[in-house]
Amino acid sequence: MRLKINGSAVDSVTLGSRAPEQLKVMLADASGKAATMNNAHRIQSDNPNFQVISYTATYYPKDGSAAKEVRSLSRLVRPEIQSWIAASEGTIVIKDISLLSSNGTTRVSAQPLIVAANE
């Protein structure tokens with residue numbers, strides 16, 4: 001961008017942009033403190049200006065049986081997820097995470113969260 005006065009350039013600046021990094025999420029207990037999969041109450045953003053509004057959780061059992069998946073339209077850990085981890089060892093992938101900013105209009109996505117259960 002150039003600033004011209006009477007056709008003569010008096011100043012210039014070069015601007016650039018990049019895609020922002022995806023936000024990170026974590027497991028939290030009811031009080032908002034970091035938690036393990038065994039005592040997690042919700043999924044929450046590391047950034048206090050954003051709140052999780054939906055996610056997809058996929059459970060991959062260690063024994064190689066079929067994966068199980070559930071979509072949540074809230075930040076709370078679904079009962080299905082708790083029952084999966086209580087039943088056997090495996091890995092849970094929390095993905096397709098949607099967050100809403102504190103301004104109430106900006107929606108962004110977050111990095112997937114991968115958690116080992118009962119291992």
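Counting heavy atoms from C-beta outward, Val70 and Trp84 have side chains that approach closer than 4.5 Å. Ile94 has its side chain out of reach of Val25: every pair of non-hydrogen atoms, C-beta onward, lies at least 4.5 Å apart. Side-chain atoms of Gln82 and Asn38, non-hydrogen and from C-beta on, never get closer than 4.5 Å to each other. The shortest side-chain heavy-atom distance between Asp11 and Arg2 does not fall under the 4.5 Å cut-off. Looking at Lys62 and Thr91, their side chains never come closer than 4.5 Å, going by heavy atoms from C-beta outward. At a threshold of 4.5 Å between non-hydrogen side-chain atoms, the residues His41 and Leu76 count as touching. At least one side-chain heavy atom of Val108 sits under 4.5 Å from a side-chain heavy atom of Leu23. In this structure the side chain of Ser45 reaches within 4.5 angstrom of the side chain of Leu99, judged on heavy atoms.
Under 3.5 Å, the side chains of Ser88 and Tyr59 contain a donor-acceptor pair of N or O atoms.
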(Q) What verdict does the side-chain contact (heavy atoms from CB on, under 4.5 Å) test give for Met37 and Ile81, after you've listed the backbone C-alpha separation in whole Å, the side-chain angles of each residue and the deciding distance to 0.1 Å? (A) CA-CA 9 Å; Met37 200 66 231; Ile81 299 170; 3.4 Å; yes

Q.
Walk me through whether Ser101 and Asn49 qualify under side-chain contact (heavy atoms from CB on, under 4.5 Å).
A. CA-CA 6 Å; Ser101 73; Asn49 294 319; 5.9 Å; no

Q: Take Ile92 and Thr58, measure what side-chain contact (heavy atoms from CB on, under 4.5 Å) needs, and give me the verdict at the end.
A: CA-CA 6 Å; Ile92 296 176; Thr58 305; over 6 Å; no

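For the atom pair OG (Ser12) and NZ (Lys4), the distance works out to 11.0 Å, reported to the nearest 0.5 Å. Considering CZ of Arg75 and CZ of Arg42, their distance stands at 4.5 Å, rounded to 0.5 Å. Considering CZ of Phe50 and CZ of Arg107, their distance stands at 12.5 Å, rounded to 0.5 Å.
Between the Asn6 side chain and the Ser8 main chain, no donor and acceptor come within less than 3.5 Å of each other. Without hydrogens or angle criteria, Tyr60 side chain to Lys68 main chain gives no donor-acceptor distance under 3.5 Å.
For Pro61 against Ala67, the heavy-atom pair with the smallest separation is CD-CA, 4.2 Å. Nearest approach of Ala40 to Ala35, heavy atoms of both residues: CA-CB, 4.0 Å. A pairwise comparison of heavy atoms in Gly32 and Met26 identifies O-CE, 3.9 Å as the closest pair.
Taking the charged nitrogens against the carboxylate oxygens, Arg71 and Glu80 have no contact shorter than 4.0 Å, which rules out a salt bridge.
A single hydrophobic cluster is not seen to contain both Ile43 and Val93; linkage of ILVMFWY side chains at heavy-atom distances under 4.5 Å, directly or through other members, places them apart.
Across Asp96, Leu100, Leu73, a single residue satisfies side-chain contact (heavy atoms from CB on, under 4.5 Å) together with Ser54, and that is Leu73.
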